[in-house]
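FYI, the numbering just counts along the sequence from 1.
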Amino acid sequence: MLPVKQAESIILEWVQPLDRQQDVEKIDLLVASDRILAEPVTSNLDFPHWHNSAMDGYAVRYEDVKDASTEKPAILQIVEEIPAGYAPQITIQSGKTARIFTGAMMPPGADTVVIQEVTKREGSRVAIFAAPKAAGAFVRERGCFYKAGSTLLNAGIALGAPEIAVLAAAQCTCLRVYRRPQVVIFSTGNELVDLASPLEPGQIVDSNQYALATAVAKAGGKPVLLGIVKDEPEALKKAIARSVEIADMVISTGGVSVGDYDYVDEILASLGAKIHIRSVGIKPGKPLTFATFVSYPSNNRVLYFGLPGNPVSTLVTFWRFVQPALKKLSGLNQGWEPVFVQARSLQDLHSDGERESYLWGQLHLVDGQYEFHLASGSHSSGNLINLVQTNGLALVPVGKTLIPAGEKVQVLLVS
Ligand code: AMP
Ligand code: MG
């Protein structure tokens, strides 16, 4: 039984991120949400593209207005009006100004913008009643946000609204992103039936494939569902061999415990897998297999997770071990590690003290502090029902049997 931290580092060490050259696809910017950039992006545009005004007002020469005051306003002649999108035609000479609007190009000759609130216009003249703080006030210099040719976005970042907006502004319509890692999922168990089948006595519906398909997609993987596999060595062997051929990662549930029908480990070994982990000191989720294959003929490494079948154990072990591995595999250059926050527990948190325990519930931010609200009802690994709306798993470390209500607890963020 490996400690959780040790299991985590073994798993992450075996994860080889997708290849920046081979494991990429070209996609349109509009469908790039949540994808991971496979190459750095540069632009040949400066941002801003030209000196422009940050405010509505008047483009002036600083020299002309630096002594302006209410008592002694500077009077300038307006020679042009420059709305956004218009290219100025006239160079501003001493004693002249141009009416200018936010985002519009600065005219040649002008170096400063005076905001319209401190001016009064009369016909083609404007009186300026206050000196700007300095030359260059309210002017956004060409290239002050970004200089053409430098790196605009790094490889390995996930694309959200800000990144996609930047790419749009840089006129990048087509991007090279990592392909989504292919994650083959199947469930093992003679007791399992699919959603459409009437339930016979002793049977249960296979919910794990649905849970994992959702969790995998959320973590950036492409789930491929293989269905339910019987607890029969030949059937399992076939399923595992087939999975390894097509997957970057395989997740099976069930059959990794010590029962008479738990064959997964021995079949993995018979198929030439390297088994790194067979059980972890975590509750729920002790029987957890982690193995690697080298797939033939591609020579790619395939990660195999045999998760325990109890539905809560399946998700807890997914969140704790598989999700970070999947995110690292997907090409993310950072941010794939599990995130823990400190919270105040609202209830007593019990554990056996022997394994690192994860208790599910909800985190709420109250006055800037996290509070952890333990899910009510049974904390059995078979009780899927009260897992609903879980967004945090409270950690009770080995050696502790109780974290009393009101005390601080580390909580793993999950989604
Ligand atoms: P196992 O890890 O194979 O010993 O399974 C432990 C228990 O988890 C089983 O007795 C089932 O009650 C439950 N279980 C196993 N697989 C699934 C599944 N795919 N969906 C829902 N429950 C499952
Ligand atoms: Mg089973």
Side-chain angles (χ1 to χ4, degrees), residues 11 14 181-217 221-280 284-298 300-318 321-322 325-326 381-382 384:
I11 290 168
W14 278 97
Q182 182 121 309
V183 182
V184 173
I185 299 165
F186 64 90
S187 298
T188 73
N190 292 336
E191 74 279 31
L192 302 177
V193 292
D194 62 32
L195 277 66
S197 304
L199 277 175
E200 301 293 339
Q203 295 185 328
I204 58 166
V205 173
D206 166 26
S207 57
N208 283 347
Q209 277 197 90
Y210 285 81
L212 289 174
T214 309
V216 161
K222 185 171 169 194
V224 179
L225 303 185
L226 230 58
I228 298 167
V229 180
K230 292 274 182 217
D231 290 317
E232 289 162 8
E234 274 316 305
L236 272 169
K237 199 167 188 170
K238 249 171 102 177
I240 294 174
R242 167 96 188 99
S243 305
V244 171
E245 270 172 28
I246 58 172
D248 298 297
M249 179 187 278
V250 182
I251 310 175
S252 65
T253 63
V256 286
S257 196
V258 291
D260 288 352
Y261 297 92
D262 296 332
Y263 299 118
V264 172
D265 284 4
E266 84 188 46
I267 289 165
L268 286 171
S270 78
L271 287 170
K274 221 182 196 162
I275 300 185
H276 308 285
I277 298 172
R278 284 176 193 273
S279 100
V280 181
K286 183 169 84 171
L288 185 147
T289 295
F290 172 64
T292 50
F293 281 91
V294 175
S295 73
Y296 180 81
S298 65
N300 284 339
R301 183 180 293 166
V302 180
L303 307 169
Y304 191 102
F305 288 92
L307 303 185
N310 269 311
V312 178
S313 309
T314 295
L315 270 177
V316 169
T317 50
F318 177 89
F321 299 111
V322 186
L326 179 53
S381 58
L384 183 58

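- For the residue pair Ala291 and Leu268, the shortest heavy atom distance occurs at CB-CD1, 4.2 Å.
- For the residue pair Lys222 and Val216, the shortest heavy atom distance occurs at N-CG1, 4.2 Å.
- Residues Ile240 and Ser252 are not in side-chain contact: their nearest non-hydrogen atoms beyond the backbone lie 4.5 Å or more apart.
- Ring-plane geometry between Phe305 and Phe290 is classed as tilted, the angle between the planes lying from 30 to 60 degrees on a 0 to 90 degree scale.
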Residue pair Val183, Leu326: steps toward the side-chain contact (heavy atoms from CB on, under 4.5 Å) verdict: CA-CA 9 Å; Val183 182; Leu326 179 53; 3.8 Å; yes
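- Counting only distance, with no hydrogens or angles, the side chain of Arg301 and the backbone of Thr292 share no donor-acceptor pair below 3.5 Å.
- Scanning both residues, Lys237 and Ile267, for their nearest heavy atoms gives CA-CG2, 3.7 Å.
- Of the residues listed (Ile275, Val184, Val264), the one engaging Tyr304 in a side-chain contact (heavy atoms from CB on, under 4.5 Å) is Val264, and it is the only one.
- Leu307 is listed as a side-chain neighbour of Leu288, based on a closest heavy-atom distance under 4.5 Å.
- Inter-residue side-chain proximity for Thr188 and Asp231 is flagged as met; some heavy-atom pair is nearer than 4.5 Å.
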side-chain contact (heavy atoms from CB on, under 4.5 Å), that's the test. Do Phe293 and Val250 meet it? Break it down for me. CA-CA 10 Å; Phe293 281 91; Val250 182; over 6 Å; no
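- We find the CD-NZ distance between Glu191 and Lys230 to be 9.0 Å, quoted to the nearest 0.5 Å.
- Looking at Ile204 and Leu192, their side chains come closer than 4.5 Å, going by heavy atoms from C-beta outward.
- Taking each heavy atom of Phe186 and Gln209 in turn, the nearest pair found is CA-OE1, 4.2 Å.
- The shortest non-hydrogen separation linking Ile11 to Ala325 is CG2-CB, 3.9 Å.
- Remark: the Asn208 side chain and the Thr314 side chain contain an N/O donor-acceptor pair separated by less than 3.5 Å.
- Using a 4.5 Å cut-off on side-chain heavy atoms (C-beta onward), Ile277 and Phe321 make no contact.
- Summarising the geometry, atom OG belonging to Ser207 is positioned 12.5 Å from atom CG belonging to Asp194; distances are rounded to the nearest 0.5 Å.
- Residues Thr253 and Ser187 have side chains in contact (heavy-atom distance under 4.5 Å, counting atoms from C-beta outward).
- In this structure the side chain of Asp265 reaches within 4.5 angstrom of the side chain of Val256, judged on heavy atoms.
- Taking the side chain as every heavy atom from C-beta outward, Thr317 and Val322 never approach each other to under 4.5 Å.
- Closest approach of Pro308 to Pro287, counting heavy atoms only: CD-O, 3.1 Å.
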